[in-house]
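Here is the structure we will look at, set down as structure tokens.
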Amino acid sequence: MSRRVFMAMSGGVDSSVAALRLVEEGYDVTGVTLRLFDNEDIGDKSSTCCSIADVQDARAVCMRLGIDHIVLNFGDLFRQTTIRRFISGYQTGQTPNPCIDCNRFIKFDALLKRAQLLGFDAIATGHYADVSFDEVSGRYLLKRPRDRDKDQTYVLYMLTQEQLAHTLFPLGTLDKPQVRDIAQKHGFVNAEKPDSQDICFAPDGDYAAFIERQTGKPSPEGDFIDTLGRVLGRHRGLIRYTIGQRRGLGLPSAGRLYVLSKDAAKNTVTVGEKDALYASRLIVRDVNLISIGSLAGPHRAEVKIRYRHPAQPATLTPLEDGAVQIDFDEPQRGAAAGQAVVFYNADSVLGGGTISQE
RNA sequence: UGGGGUGUAGCCAAGUUGGUAAGGCACAGGACUUUGACUCCUGCAUUCGCUGGUUCGAGUCCAGCCAUCCCAG
């Protein structure tokens, strides 16, 4: 049984209430706030994770709870993993998900290792998810939380058995309204703080500008073309577009136009009508399995191709090189290479992977 | 230069027997959201190529002019 816990605290309500629950359950808790980047880069005044104000909020909650609070600077690692992959992903025409990389390389890897190095038994985060051990299979399961509306298992599909064995999600049995209510009753400074949104290191939502600032060079303009190859206009740089995008194209037309595909080699963006965005088959690579050790033969599951959408029934078929082929019962809209795909079996996460570029 | 067509917001485009400017795209703002998107909501022509005229009243009728397109040449 875990006793000493490293509680990852962003300064928001969720992780604050999660810390409270651990304390109430008798764990020996130390609050940890991560510094992942300097706000100088992003000219940010609003509050997101990692700002000085957030560190102060986390500290204030820890003081109220009477627990220790430390700040760890993982800025270099964050830059080398999450941000680097984010930038290269966009540059090669993909649509990366930095939150998942951050979980994968920072919170559940570097942070957990640091915790263990310091003699802690486990880490905990404020994610809405649940972990349980299945006696039958002998495996740790990642399960959907009670609050289905806030289900964050999608961004946790890459957790390994080892990581799950040392991770606690105290909010798995709470609803978001309850969390705010608890924060209120305990006088937490962040009880009314808005839910986080957008990419944390691009708080103004302009991730393309962030990439150009980081790389020091603008994404070159190119042609918008239709499915027949006819030039429709000029685009403002490949990184500003993603599959399924409608707004920001600036192209007049009879109906709504969506980005259908991007060609990094030719520097073109193909646009067309909504119907062309639907596809039934996906190839997923970099697969991680949770509830089962391996995938043998076709397997039915419910599959999500983005954070906020209901899982859809599909058949998973293992391919020889470790990749998995997904065949949805119904065509799905706007799957983008680089995005995460997560497989579910009822309330349990079967596994997941990354949509491959074909 | 003859003959025909067209000129309504950034683009496309409705505008009836003249009655006081649809809609779509784009754009802007907001909602939603621990990724990118999608979606949804709101806003967006005191004005109809220009100048006169007829009317209580004209984008809608008349005249002239300008612009542009097509066919002749």
Side-chain angles (χ1 to χ4, degrees), chain A residues 8-15 18 34 36 46-50 54 82-83 85-87 89-104 106-107 125-129 145 147 149-158 169 171 176 179 193-203 205-211 224 232-236 238-262 269 271-278 304-310 332-342 352 354-355:
Chain A
M9 298 179 71
S10 65
V13 235
D14 293 332
S15 51
L34 303 179
L36 299 177
S46 67
S47 172
T48 61
C49 85
C50 307
D54 292 316
T82 310
I83 290 182
R85 287 164 61 93
F86 178 75
I87 292 173
Y90 265 109
Q91 288 178 329
T92 56
Q94 303 192 55
T95 306
N97 185 327
C99 291
I100 288 179
D101 276 346
C102 177
N103 287 332
R104 180 178 185 171
I106 310 294
K107 292 176 188 156
T125 71
H127 286 105
Y128 286 84
D147 188 342
D149 199 47
K150 297 297 294 184
D151 182 0
Q152 290 172 323
T153 52
Y154 176 81
V155 296
L156 300 169
Y157 80 84
M158 82 312 290
F169 295 122
L171 302 186
K176 182 77 185 200
V179 168
K193 199 167 176 177
D195 287 4
S196 59
Q197 53 189 280
D198 292 329
I199 298 169
C200 69
F201 50 83
D206 193 350
Y207 68 84
F210 172 83
I211 291 173
F224 273 123
L232 302 181
R234 297 288 287 173
H235 74 237
R236 297 174 297 127
L238 214 61
I239 63 170
R240 292 175 207 285
Y241 309 93
T242 185
I243 307 304
Q245 179 173 331
R246 172 171 80 82
R247 309 192 76 169
L249 303 185
L251 293 173
S253 75
R256 295 179 169 180
L257 290 177
Y258 297 81
V259 172
L260 300 182
S261 61
K262 301 196 287 182
V269 174
V271 301
E273 295 182 7
K274 177 162 60 172
D275 292 349
L277 281 172
Y278 288 82
K304 285 175 76 162
I305 58 172
R306 58 174 58 82
Y307 179 64
R308 256 189 104 69
H309 268 286
Q332 298 302 308
R333 174 177 171 173
Q339 288 281 287
V341 170
V342 180
T354 305
I355 298 176

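Lettering of chains follows the sequences in order, A, B, ..., and the numbering in each one begins at 1.
- Nucleotides B/rA45 and B/rG2 place their C1' atoms 38 Å apart, quoted to the nearest Å.
- Rounded to whole Å, the distance from CG on A/Asp101 to P on B/rU34 is 19 Å.
- The side-chain hydrogen bond (donor to acceptor under 3.5 Å, both in side chains) test applied to A/Asp206 returns no partner, not counting sequence neighbours.
- In terms of the side-chain contact (heavy atoms from CB on, under 4.5 Å) criterion, residue partners of A/Arg104 (sequence neighbours excluded) are, by chain and number, A/Arg85, A/Asp101, A/Met158, A/Asp286.
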Side chain to side chain contact (heavy atoms under 4.5 Å, CB included) between A/Gln245 and A/Tyr258: does it pass, once the steps are laid out? CA-CA 5 Å; A/Gln245 179 173 331; A/Tyr258 297 81; over 6 Å; no

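- By the side-chain contact (heavy atoms from CB on, under 4.5 Å) test, A/Arg308 is found to be paired with A/Asp149, residues two or more places apart in sequence or in another chain being considered.
- Taking A/Ala129 as the reference, A/Leu142, A/Thr153, A/Leu156, A/Phe169 meet the side-chain contact (heavy atoms from CB on, under 4.5 Å) condition, with sequence neighbours excluded.
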B/S/- along nucleotides 7-15 of chain B (protein heavy atoms under 4.0 Å) is ---BB----

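- Considering only residues two or more places apart in sequence or on other chains, A/Thr125 meets the side-chain hydrogen bond (donor to acceptor under 3.5 Å, both in side chains) condition with A/His127.
- Legend: residues meeting ring pair (Phe, Tyr, Trp, His ring centres under 6.0 Å) with A/Phe86, ordered by chain and number and at least two apart, are A/Tyr90, A/Phe201.
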Going 5' to 3' through nucleotides 38-43 of chain B and flagging B where a protein heavy-atom sits under 4.0 Å of the base, S where only the sugar-phosphate is that close, and - otherwise, we get SSB---

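- A straight line from CD of A/Gln339 to P of B/rA37 spans 10 Å, rounded to a whole angstrom.
- Of the C1' atoms belonging to B/rC48 and B/rU20, the separation is 13 Å, rounded to the nearest Å.
- Annotation: B/rA28 and B/rU47 have their P atoms spaced 25 Å apart (nearest Å).
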Taking Watson-Crick and G-U wobble contacts under 3.5 angstrom, with | marking pairs to another strand and [ ] crossing pairs, the secondary structure of RNA chain B is written (((((((..(((......[...))).(((((.......))))).....(((((..]....)))))))))))).

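- With sequence neighbours excluded, no residue satisfies side-chain hydrogen bond (donor to acceptor under 3.5 Å, both in side chains) with A/Arg333.
- Rounded to whole Å, the P atom of B/rA22 lies 14 Å from the corresponding atom of B/rG15.
- B/rG59 and B/rA21 have their C1' atoms separated by 8 Å, given to the nearest Å.
- One interatomic measurement links the two molecules: CD1 of A/Ile100 to P of B/rU34, which rounds to 14 Å at whole-angstrom precision.
- Going from the P atom of B/rA58 to that of B/rC40 covers 40 Å, rounded to whole Å.
- A/Asp14 is linked by a side-chain hydrogen bond (donor to acceptor under 3.5 Å, both in side chains) to A/Tyr128, A/Lys176, counting only residues two or more places apart in sequence or in another chain.
- A/Tyr157 is linked by a ring pair (Phe, Tyr, Trp, His ring centres under 6.0 Å) to nothing, counting only residues two or more places apart in sequence or in another chain.
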